[in-house]
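This report concerns only the one structure given below.
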Amino acid sequence: NPREQAEELEAGRADVAEGSPEQMRRWQQQRGRTLLSPPVELIALIINPAKPALQDVRLRQTLAMGIDRNTIFNVVLQKQGEAASGVLPNWVSGYAMLLPQGRDLAKAQQLRSQLGNLPQVTISAGSGDPTLQLIADRIALNLRDAGIVAVPGANGAADLQIRRIELKSANPYAAF
């Protein structure tokens, strides 16, 4: 597993190891040579359509505008990857630049005020993936700033789920 590979590399018992984004920065600071082979992978926020409140487009817009993708990219993912506002990043889809970029907390709060009484939403991350858990925690904080209470939920049954999805191709038609 990646943790064992990192231990072997740091102990000098391995010449090559596969590392997570969190490990890359540390290895670079230790003057290790790092080569990045970016996976064609998507970390997505999946909305459970079974919950009636989540069917309201204003709530979905509040969610989209309330999330600080740049902080997730810079801090949690250590600038490994790309923050995207579309389903696929611009280099894959070619249309992501047409969608609103970045967080608009004022607009998110304005939309939230139109929703009235809103039940709390549950959020979960993929089981055993600490990076996804950090992203879920960050999103919960962002949503709180926007006026939405997000609490941890059970995997598979949560209103919002953070998932890592491997794209089989960099071709947008094949990826979808």
Side-chain angles (χ1 to χ4, degrees), residues 19-26 36 38-93 95-167 175-176:
S20 68
E22 299 84 18
Q23 293 166 321
M24 288 294 146
R25 177 162 286 173
R26 188 176 68 228
L36 300 178
V40 181
E41 182 177 75
L42 174 69
I43 296 177
L45 175 66
I46 310 291
I47 298 173
N48 183 350
K51 187 163 186 175
L54 292 171
Q55 294 174 4
D56 189 326
V57 70
R58 295 171 301 173
L59 177 56
R60 290 172 183 241
Q61 290 172 334
T62 302
L63 294 172
M65 291 181 205
I67 297 172
D68 188 353
R69 292 171 189 83
N70 289 327
T71 298
I72 293 169
F73 168 71
N74 288 321
V75 178
V76 178
L77 298 175
Q78 301 287 301
K79 298 185 179 182
Q80 303 296 313
E82 179 182 342
S85 59
V87 174
L88 298 173
N90 196 56
W91 66 270
V92 174
S93 69
Y95 71 83
M97 79 280 200
L98 301 174
L99 300 170
Q101 296 288 323
R103 185 179 195 200
D104 189 344
L105 188 56
K107 180 78 171 167
Q109 290 169 337
Q110 178 186 13
L111 281 169
R112 168 60 185 100
S113 68
Q114 296 174 10
L115 295 170
N117 190 19
L118 185 68
Q120 68 183 18
V121 295
T122 56
I123 186 168
S124 71
S127 59
D129 190 326
T131 301
L132 294 184
Q133 188 57 55
L134 286 171
I135 292 171
D137 293 345
R138 182 83 240 168
I139 289 174
L141 287 172
N142 291 160
L143 295 181
R144 186 174 303 132
D145 292 342
I148 298 172
V149 178
V151 298
N155 282 338
D159 303 323
L160 306 173
Q161 296 178 33
I162 308 300
R163 287 199 192 149
R164 191 179 301 264
I165 302 167
E166 182 181 337
L167 301 178
F176 278 125

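Partners of Arg58 by salt bridge (charged side-chain N to carboxylate O under 4.0 Å, His left out), not counting sequence neighbours, listed by chain and number: Asp56. In this view, Asp104 satisfies the side-chain hydrogen bond (donor to acceptor under 3.5 Å, both in side chains) rule with no residue, not counting sequence neighbours. With sequence neighbours left out, the side chain to side chain contact (heavy atoms under 4.5 Å, CB included) criterion links Gln120 to Val149, Val151. Residues meeting the side chain to side chain contact (heavy atoms under 4.5 Å, CB included) test with Ile47, sequence neighbours left out: Leu54, Arg60, Leu63, Leu160. Taking the side-chain hydrogen bond (donor to acceptor under 3.5 Å, both in side chains) definition, one finds that Asp145 meets it with Arg103, sequence neighbours left out. For Asp68, there are no salt bridge (charged side-chain N to carboxylate O under 4.0 Å, His left out) partners at least two apart in sequence or on another chain.
Within the model, atoms CG of Asp129 and CZ of Arg163 stand 13.0 Å from one another, a figure rounded to the nearest 0.5 Å. To the nearest 0.5 angstrom, Ile72 atom CD1 is 10.0 Å from Leu134 atom CG. Once rounded to the nearest 0.5 Å, the distance linking CD of Gln78 with OG1 of Thr131 reads 9.5 Å. With rounding to the nearest 0.5 angstrom, the NZ atom of Lys51 is 9.0 Å from the CG atom of Asn48. Atom CG of Leu111 is separated from atom CE of Met65 by 5.0 Å, given to the nearest 0.5 angstrom.
In this structure the side chain of Ile135 reaches within 4.5 angstrom of the side chain of Ile139, judged on heavy atoms. In this structure, the side chains of Arg164 and Leu132 come closer than 4.5 Å at one or more pairs of heavy atoms. Using a 4.5 Å heavy-atom cutoff, the side chains of Ile43 and Ile162 are in contact.
Proximity of a side-chain donor or acceptor of Thr122 to a complementary backbone N or O of Pro152 within less than 3.5 Å is not detected. Not a single donor-acceptor pair under 3.5 Å links the side chain of Arg138 to the backbone N or O of Ile67.
Annotation for Phe73 and Gly81: closest pair CE1-O, 3.1 Å, computed over non-hydrogen atoms. Pairing each heavy atom of Gly66 with each of Ala146, the nearest pair is CA-CB, 4.4 Å. Summarising the geometry of Pro49 relative to Gln55, their closest heavy-atom pair is O-NE2, 2.8 Å, with the distance given to 0.1 Å.
Between Arg112 and the choices Leu59, Leu143, Ile148, the side-chain contact (heavy atoms from CB on, under 4.5 Å) rule is met once, by Ile148.
Judged by distance alone, the side chains of Gln133 and Asp137 do bring a donor and an acceptor atom under 3.5 Å apart.
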Next item on the list: Show your reasoning for whether side-chain contact (heavy atoms from CB on, under 4.5 Å) applies to Asp159 and Ile123.
Entry: CA-CA 6 Å; Asp159 303 323; Ile123 186 168; over 6 Å; no
